[in-house]
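Accompanying notes for the structure given below.
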Amino acid sequence: EILSVKVSRNFGLPTSLTINNVLGQTVYTKKVANEADLQINTSSLSNGVYFITVTKEDQSKTLQFIKE
């Protein structure tokens, strides 16, 4: 169960990824060194709603995803 993170070209490669559950608890965090780090194995996560935050320097974007 792999989650592929796609970012726009003008955003560029992020420096880190964080996944939080609906309670706001961080369940996954990863420093990004290359594009391969944008593939996240979600098999350890329970089914439900999560929020992934992609961070680069002082910019960040948060998106919701559902694991079924």
Side-chain angles (χ1 to χ4, degrees):
E1 299 174 24
I2 302 295
L3 175 67
S4 295
V5 178
K6 304 262 190 236
V7 291
S8 65
R9 288 209 174 130
N10 48 357
F11 189 82
L13 193 67
T15 53
S16 67
L17 304 170
T18 305
I19 297 177
N20 293 319
N21 62 20
V22 291
L23 301 175
Q25 298 165 318
T26 299
V27 294
Y28 180 91
T29 186
K30 183 177 201 177
K31 295 281 184 209
V32 177
N34 54 50
E35 294 217 4
D37 289 336
L38 299 178
Q39 306 291 316
I40 301 169
N41 185 338
T42 60
S43 60
S44 64
L45 299 178
S46 302
N47 290 353
V49 177
Y50 294 90
F51 298 92
I52 182 165
T53 302
V54 180
T55 304
K56 180 182 180 183
E57 294 155 11
D58 60 347
Q59 301 178 64
S60 68
K61 293 192 185 286
T62 301
L63 300 168
Q64 178 181 327
F65 74 95
I66 299 171
K67 180 175 180 206
E68 298 178 330

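What you see is a predicted model, and the numbers here were worked out from it, not measured in a lab. Excluded from the calculations below are hydrogen atoms, water molecules and symmetry mates; all remaining heavy atoms, backbone and side chain alike, are included.
Note: T18 OG1 to I52 CD1 = 8.0 Å, rounded to the nearest 0.5 Å. One finds the OG1 atom of T29 at 9.0 Å from the CG atom of N20 (value rounded to the nearest 0.5 Å). Atom-to-atom distance recorded for I40:CD1 and Y28:OH is 5.0 Å, nearest 0.5 angstrom. Expressed to the nearest 0.5 Å, how far CG of L3 lies from CG of N41 amounts to 10.0 Å.
Screening L13, V32, V7 for a side-chain contact (heavy atoms from CB on, under 4.5 Å) involving V54 leaves a single residue, V7.
Under the side chain to side chain contact (heavy atoms under 4.5 Å, CB included) criterion, S44 pairs with no residue, sequence neighbours left out. Under the salt bridge (charged side-chain N to carboxylate O under 4.0 Å, His left out) criterion, E57 pairs with no residue at all, not counting sequence neighbours. Partners of L23 under the side chain to side chain contact (heavy atoms under 4.5 Å, CB included) rule, at least two apart in sequence or in another chain, are N21, Q25. By the salt bridge (charged side-chain N to carboxylate O under 4.0 Å, His left out) test, K61 pairs with no residue at all, sequence neighbours left out.
Between K56 and T15 the shortest heavy-atom distance is CA-OG1, 3.7 Å.
A single hydrophobic cluster is not seen to contain both F51 and V5; linkage of ILVMFWY side chains at heavy-atom distances under 4.5 Å, directly or through other members, places them apart. Clustering ILVMFWY residues whenever any of their side-chain heavy atoms sit less than 4.5 angstrom apart, transitively, puts I66 in a cluster other than the one holding Y50.
Screening residues 28-51 for salt bridge (charged side-chain N to carboxylate O under 4.0 Å, His left out), with sequence neighbours left out, gives K30-D37. Residues in residues 1-15 take part in these salt bridge (charged side-chain N to carboxylate O under 4.0 Å, His left out) pairs, two or more places apart or across chains: E1-K67.
Between the side chain of T53 and the backbone N or O of T62, no donor-acceptor pair lies under 3.5 Å.
In this structure the side chain of I19 reaches within 4.5 angstrom of the side chain of F65, judged on heavy atoms.
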